[in-house]
Amino acid sequence: MEQQSLLSELEEEKPYVKGDLNRMIFHNDVEHFSIASIFVRDTNEAFNEKSLVIKGHFSPLQEGETYLFHGTFQTHQKFGLQYEVSSYQRLLPETRDGLIMYLSSELFQGIGQKTAERIVDHLGESAISTILKDRNALDSVPKLPEAKADKLYQDLKEHQGFEHVMIQLSQYGVGLKLSQKIYEAFKDQTLGILQEDPYQLVFKVEGFGFHRADEIANMQKLSHDHPTRIRAACLFIMQQSLSEGHVYLPTEECLLQVERLLNNGSNPEITFQQLSEQLIQLGEDKHVYVEEERVYLPSLYFAENGVVRQLGRILGGELATEYTQAELMKMIGEIEEEEAMSYGEDQFNAIEKALHSKMMILTGGPGTGKTTVIKGIIHAFSKLNQHSIHPEDYGQGDPFPFVLAAPTGRAAKRITESTGLPASTIHRLLGWDGHTSFEKNQNNQLEGKFLIVDEFSMVDVWLANQLFRAVPSEMQILLVGDEDQLPSVGPGQVLADLLASRQLPAVNLTEVYRQKEGSKIIQLAHEIKNDQCTLQSLLKGDDFNFIQAGEQQLIDLVIQIMKKALDKGIELREVQVLAPMYRTDVGIHQLNKEIQKVVNPSKKQKRDLTFKDNTFRKGDKVIQLVNQPEDGVYNGDIGEVAAIFREEENIDGVEQVVVEFDNKEVVYPKKDVSNLMLAYCTSIHKSQGSEFSIVILPVVRSYRRMLRKNLLYTAITRAKDSLILCGDPHAFLEGIQTTETNLRYTQLTEKLQNEEVPEETEEEDEELSPYDFM
Ligand SMILES: Nc1ncnc2c1ncn2[C@@H]1O[C@H](COP(=O)(O)OP(=O)(O)OP(=O)(O)O)[C@@H](O)[C@H]1O
């Protein structure tokens, strides 16, 4: 606080206008040029009006907040007197407001705005130090129960010192969670670092972006070609590239993007020489790895090399048992007899090859018999090696030979349903601690003889590396996937790269078996896959329909279809609307709001809880948006709101939402409700690895930017029994003719084919994988 008032004193000698933002009139994201109107509070210029239009290069400001602007008055020919802003800062809330904000923050459970106001009114602006000196001071605050006062005292002691940091950071628009992370990283030095080199935060605090550091630095007037600024920009561009799935960026592209970011109207321009020097420095400090003309973030450099190294090790391992051709033929024949079926030629080859190979990839579209082949391999392997396939026959020290896994819980569940054998998510199999470390690794490897991983197209390069590290050299592996689906959400395209490298045996199943049962969904999937889909393909079938509708009628149509399905008794969780975009008029958010109104409307006796823009109501279908391993729920899990509790109904004294996920209940205090979203409609990306009885898929022109062959293919192959497309068939046909233009930069194929990768280092072993967003 002291620093702030000192700063203000210095600042106030210059011409200034202090005011509350009324509204943003204009903002250009690229040039950061903004026009806004303010209510004037105070100025040392000759200006007596109550409101004023300001303009200049600044980010969108918050309505209602108070700012101090420096600049000059100018008269615009058309719009009259305006204030051209050269610098500005957001002013701290008054001490009283800041204190109330701090006390009513999520740090202090059970203290709401009203209670916080009463505390400050009663104990004054030194309330915190008064309470810390004497807990009994709280006894004089009206309507504050003793238990709440005790808790507040304990919490205040725990967070002592943090209040200064949080109140200061709030002026830069930094919220509680991020403030806590910053404080953890820098402790007592936080305020000094914010003043002198806020770019350090980009390096040390996850979630603190370059733009925010730039904004703070602007207020401190740090020079635009400050070396840490350039390095922070390089790191920011590299981190951004992750969201596009790249494993590295070509050096030139990285520098060009950094240049574009930094030389945005700045004068003098930062030279390429300056940029290269800082990129080299980043490499020397090991914030990035530069390999030939490629720039990697460390965890990705290690992961890519790790996959190459681990595959070399696994493929070099001996097969535990070799079988003669005759033995195999006999065994497969026996299984055909038992199952009363005969394998197709490519299915037969797949089983045979998998049993002969240390590691194999099995690919194929829907209904081509991937599951049938997996079951065949399991049966044949267990017969040939005289292993029981009943897990209960195995005990301590005698592990079950088959290790089955998939990237998502739903996909793992499907393996169990089709094989009758236990399966888990890859994260669970590897004993992920939910943050950075895996219990299973090269020093504590998996047990079992045969690893089968389904939906491998969803596995990114980090997870592939962690998985392969944990595989003992004698274990056999089968990777199963459909390469026409979307690639992994995380960086890389491991399945496609492994296939392209041709270093592993692979079988692609092409003959469709389920089609023989008359499935139009499967037919459509294969027509899309083989670029044979036409308007004719969209004609109605037993399990398929395309209902044409304009964008205006789309939401009503989706709701009607959904209601019809529910009225027929189909469970809500089995009817899924999928869409590619969140924020258009017919995007996921809007669809969810409108569907909720009809499927689970507001009623007097039905409780709801509103948090920011979302209202959750008992009975709502919801999706988990982040990993929450301590509660056993992960990004993409779907559940139902089972109950809503009010503050006074639980010992924590906060509102809560209880969600039921597959027979497991998770309690969300109000502050964590942002981990949830309504899930009547979810994104196609989030539906990867799941299947639903009925899929409703709106496809309209306004989604055009997102519509791609692999996206639509992934969406329609999520439908088990019924697929209803609605919207514009031409938009759909255009979409499936558009293939991914954004290639992912990965070097895995080339490295697998011909490169020696460096030996593993200690650093690599310790380098954490940034898994939080998965
Ligand atoms: N050789 C075969 N003879 C007769 N039916 C078969 C054969 N292979 C597979 N099928 C049948 O075809 C259907 C699809 O097979 P399966 O579920 O194994 O395919 P899949 O590739 O795993 O499909 P999806 O990816 O859609 O789950 C099943 O009903 C299965 O019993």
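Whatever order the structure lists ligands and atoms in, that order sets their numbers, starting from 1. Atom set for the values below is all heavy atoms of this structure, side chains included, hydrogens, waters and symmetry mates excluded.
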Minimal heavy-atom distance between I716 and I521, with the atoms involved, is O-CG2, 3.6 Å

For T372, is at least one N or O under 3.5 Å away from an N or O on ligand 1? yes

With E691 as partner, the option from R410, R414, R573, R718 fulfilling salt bridge (Lys or Arg N to Asp or Glu O under 4.0 Å) is R414

Please list, in number order, the atoms of ligand 1 under 4.0 Å from a heavy atom of M341. 1 (N), 2 (C), 3 (N), 7 (C)

Do any N/O atoms on I522 end up under 3.5 angstrom from N/O atoms on ligand 1? no

Check this for me: does any side-chain nitrogen of one of K529 and D484 sit under 4.0 Å from a carboxylate oxygen of the other? yes

Compute the minimum heavy-atom distance from G365 to ligand 1 and say whether it is under 4.0 Å. yes

May I ask you to check whether E691 has an N/O atom sitting below 3.5 Å from an N/O atom of ligand 1? no

Under a 3.5 Å cutoff, is there a donor and acceptor pairing between the side chains of E455 and Q688? no

Salt-bridge present (E474, K449; N to O < 4.0 Å): no

Taking 4.0 angstrom as the limit and counting only heavy atoms of G369, give me the atoms of ligand 1 inside it, by number and element. 15 (O), 16 (P), 18 (O), 19 (O), 20 (P), 21 (O)

Any atom of ligand 1 sitting under 4.0 Å from a heavy atom of G344? yes

With heavy atoms under 4.0 Å as the rule, classify the contact between S342 and ligand 1 as side chain, backbone, both or neither. backbone

Between E334 and K383, is there a salt bridge with N-O shorter than 4.0 Å? yes

